[in-house]
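Structure record follows, encoded as structure tokens.
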Amino acid sequence: MSRGKIIVAKLGLDGHTNGIRIVSKWLQDAGFEVVYMGLYNTPEKVIKAMLQEDADILGLSFLEGSHMYYAEKLRELAIRYGIEGRKIVFGGVIPPDDVEKLKALGISEVFLPGTSKEKIISTIRTLLGG
């Protein structure tokens, strides 16, 4: 199994970074290669970064309620750029009722508040085929 390269980022104007920085560190400590893109990204920027970095997974954090909008945009862009087979995971303050809707839009996994470090790491390993 490859080590796994994961891009993590925030989209839009959401400036809350504590959670995504903690999860990024957990993933690095677990042996994954993590590219942290930080704040204020656009969907096109993160999808292009997946191509440029040849990343396996894109991880995005949401705290302001824009997750459904961005899921649709990311799906459109992944198809346009021919990477619809790559995994996208969401985390953050997402209503549990939206989880299945997000998965129907192509989001591979959704981590809600309180998801353990072990669960996140094991899920990422599974998504990478390991």
Side-chain angles (χ1 to χ4, degrees):
M1 175 182 82
S2 78
R3 184 170 170 219
K5 185 182 256 190
I6 305 163
I7 292 178
V8 294
K10 300 284 288 187
L11 295 176
L13 298 177
D14 181 359
H16 299 91
T17 62
N18 288 351
I20 196 167
R21 290 193 299 167
I22 290 167
V23 171
S24 296
K25 180 70 171 128
W26 289 348
L27 294 170
Q28 284 178 320
D29 290 349
F32 300 107
E33 183 178 352
V34 177
V35 177
Y36 179 74
M37 291 183 63
L39 298 169
Y40 313 125
N41 293 287
T42 65
E44 188 150 20
K45 184 175 178 182
V46 296
I47 292 294
K48 284 183 175 180
M50 281 195 85
L51 279 167
Q52 291 167 350
E53 293 285 341
D54 194 25
D56 303 296
I57 296 176
L58 172 63
L60 300 166
S61 170
F62 295 92
L63 281 98
E64 81 298 88
S66 62
H67 52 279
M68 296 302 297
Y69 168 79
Y70 283 121
E72 292 178 23
K73 289 289 181 195
L74 291 162
R75 180 178 67 172
E76 292 168 12
L77 289 166
I79 291 167
R80 183 182 315 158
Y81 286 98
I83 60 168
E84 60 269 29
R86 298 204 198 168
K87 309 295 185 196
I88 299 174
V89 299
F90 281 9
V93 180
I94 296 170
D97 290 347
D98 287 350
V99 171
E100 290 308 314
K101 295 174 199 169
L102 289 167
K103 288 183 177 183
L105 290 170
I107 304 305
S108 300
E109 189 58 70
V110 180
F111 300 111
L112 301 178
T115 304
S116 71
K117 172 171 82 170
E118 293 76 18
K119 174 69 175 166
I120 292 170
I121 292 168
S122 69
T123 300
I124 296 298
R125 284 194 176 119
T126 299
L127 289 174
L128 289 168

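Residue numbers run from 1 in the order of the sequence given.
In this structure, V46 is not a member of the same hydrophobic cluster as L39, with clusters built from ILVMFWY side-chain heavy atoms closer than 4.5 Å. A continuous path of Ile, Leu, Val, Met, Phe, Trp and Tyr side chains, each step under 4.5 Å between heavy atoms, connects L51 with L77, placing both in one hydrophobic cluster. Using a 4.5 Å cut-off between side-chain heavy atoms of Ile, Leu, Val, Met, Phe, Trp and Tyr, with links allowed through other members, L127 and V99 fall into different hydrophobic clusters. With hydrophobic clusters built from ILVMFWY side chains whose heavy atoms lie under 4.5 angstrom apart, L74 does not share a cluster with L63. The hydrophobic cluster containing L105 also contains I83, counting ILVMFWY residues as joined when their side-chain heavy atoms lie under 4.5 angstrom apart, directly or transitively.
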E44 and T42: CA distance, side-chain angles, deciding distance, side chain to side chain donor-acceptor pair (under 3.5 Å) verdict: CA-CA 5 Å; E44 188 150 20; T42 65; over 6 Å; no
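Residue pairs that meet the ring pair (Phe, Tyr, Trp, His ring centres under 6.0 Å) test with at least one member in residues 100-121, sequence neighbours left out, do not exist here.
In this structure, K87 contributes its side chain and L128 its backbone to no donor-acceptor pair below 3.5 Å. Between the side chain of R86 and the main chain of A55, a donor-acceptor pair closer than 3.5 Å is present.
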For residues 20-37, which side-chain N or O atoms pair as donor and acceptor with protein atoms under 3.5 Å away, sequence neighbours left out?
residue : atom : partner : partner atom : Å
R21     : NE   : T17     : OG1          : 3.3
S24     : OG   : I20     : O            : 2.7
K25     : NZ   : D29     : OD1          : 2.8

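For the residue pair E84 and I79, the shortest heavy atom distance occurs at OE1-CA, 3.6 Å. In this structure, A104 and R75 approach most closely via the heavy-atom pair O-NH1, 4.2 Å. Between L11 and E64, the shortest heavy-atom contact is O-OE2, 4.1 Å.
Between H67 and P95, some side-chain heavy-atom pair lies under the 4.5 Å cut-off. F62 places none of its side-chain heavy atoms less than 4.5 Å from the side chain of D98.
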